[in-house]
Amino acid sequence: MKSSLLSLAAALAFAANGVSAHYIFQQLSHGSTTFPVYQYIRKNSNYNSPVTDLASNDLRCNVGASGVGTETVTMNAGDSFTFTTDVAVYHQGPISLYMSKAPGNASDYDGSGDWFKIYDWGPVFSNGQATWPLRQTYTYNIPKCIPAGQYLLRIQSLAIHNPWPAGIPQFYISCAQVNVVGGGSTQPSTTVKIPGVFKDTDPGYTVNIYTNFNNYTVPGGPVAITC
Ligand SMILES: *[C@@H]1O[C@H](CO)[C@@H](O)[C@H](O)[C@H]1NC(C)=O
Ligand SMILES: *[C@@H]1O[C@H](CO)[C@@H](O)[C@H](O)[C@H]1NC(C)=O
Ligand SMILES: [Cu+2]
């Protein structure tokens, strides 16, 4: 009796931990306007759990995150946007932003086309210490020279706090649907496929951040457009 109560308590504590752990990019802002949670961000079905399978299509926009029920927000090329999490990102690792142009409406697009990276927040090294960009909001701008059209705008926190191979890096991902107006005709210098671009041989994936850690290459290809 006593031992079964103890294991019940342990199971409840574990379940509570499971629910409170992690974080999710659930809210988009355009300039100073913050929209309701999931209005323009595809809603996932795995609560705040990460994706860890490097071959899964869930790496695009997260588990169960189709365009059904998601609206598409219009922004001018060059406009500022912000992704906000439910609780601040707290696992060490880089944050990256990507875009992919939909062949038609963003809400119909599965993300199987070309992606290009628009920004990375990596670690800052100082006095032998790495500081990661861990916070609740991440603000950047739609590149002002990209062609007008409908895009998926993807944010990713790659959590490498449990070093490979004993730990598996975790991808926390969301996609917003954006109709970009204005813009230009500059094409990205490099495009990648998701899944495919992240490999378990990437130094930024396999690195142990607790041992002789003094440089870092963010996985997923270079930033491919800087306008
Ligand atoms: C998006 O969907 C609407 C309504 O289904 C349609 O009228 C429009 O042509 C579509 N736009 C594109 C770019 O495919
Ligand atoms: C650090 O730099 C070295 C030398 O360029 C490189 O081989 C290694 O992959 C880098 N490490 C990370 C984690 O990016
Ligand atoms: Cu976690």
Side-chain angles (χ1 to χ4, degrees), residues 10-27 37-38 41-54 56 58-65 83-98 115-138 154-175 189-190 192 194-224 226:
L12 286 174
F14 181 81
N17 263 334
V19 167
S20 65
H22 316 311
Y23 42 85
I24 179 156
F25 297 96
Q26 59 179 11
Q27 194 161 30
V37 166
Y38 296 118
I41 289 179
R42 293 185 171 188
K43 184 149 177 36
N44 59 307
S45 59
N46 57 336
Y47 187 45
N48 58 11
S49 299
V51 178
T52 57
D53 179 354
L54 294 179
S56 171
D58 293 339
L59 270 183
R60 293 174 186 159
C61 291
N62 210 346
V63 178
F83 281 97
T84 302
T85 50
D86 53 347
V87 296
V89 171
Y90 62 93
H91 289 320
Q92 295 102 316
I95 312 287
S96 301
L97 291 170
Y98 290 82
W115 291 86
F116 54 97
K117 187 185 271 185
I118 63 170
Y119 198 67
D120 280 327
W121 286 272
V124 174
F125 294 94
S126 173
N127 299 320
Q129 291 287 314
T131 304
W132 292 96
L134 306 182
R135 45 186 203 251
Q136 192 162 13
T137 62
Y138 294 87
R154 176 182 180 276
I155 190 165
Q156 165 187 294
S157 156
L158 173 56
I160 51 174
H161 55 299
N162 295 322
W164 171 265
I168 309 282
Q170 304 172 344
F171 293 80
Y172 296 88
I173 311 151
S174 284
C175 292
S189 55
T190 314
V192 299
I194 303 174
V197 69
F198 304 102
K199 301 188 179 67
D200 65 10
T201 50
D202 294 338
Y205 181 94
T206 59
V207 68
N208 184 324
I209 61 170
Y210 308 107
T211 308
N212 296 325
F213 182 54
N214 43 42
N215 68 294
Y216 187 74
T217 306
V218 180
V223 170
T226 54

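Only a predicted model underlies this, so the values are computations on that prediction, with no experimental measurement involved. Both counts, for ligands and for their atoms, begin at 1 and track the order of listing.
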Protein heavy atoms: any of them under 4.0 Å from atom 2 (O) of ligand 2? yes
Distance check, rounded to the nearest 0.5 Å: Q136 atom CD versus F83 atom CZ? 14.5 Å
Would H161 count as a contact for the Cu ion (ligand 3), in the sense that one of its N, O or S atoms lies under 2.8 Å from it? no
What about Y90 and Y23, are their ring centers closer than 6.0 Å? yes
State which residue, out of W132, Y216, F213, fulfils the ring pair (Phe, Tyr, Trp, His ring centres under 6.0 Å) condition with F125. F213
Option set V207, N215, T217, criterion heavy-atom distance to atom 10 (C) of ligand 2, minimum: N215
Ranked by distance from atom 9 (O) of ligand 2, the top protein heavy atom is P203 CB, 3.3 Å
Proximal heteroatom of H22 relative to the Cu ion (ligand 3) (N/O/S): ND1
Residues P94 and I160: closest non-hydrogen pair is CD-CD1, 4.4 Å
When you compare the side chain of T85 with that of Y172, does any pair of heavy atoms fall below 4.5 Å? no
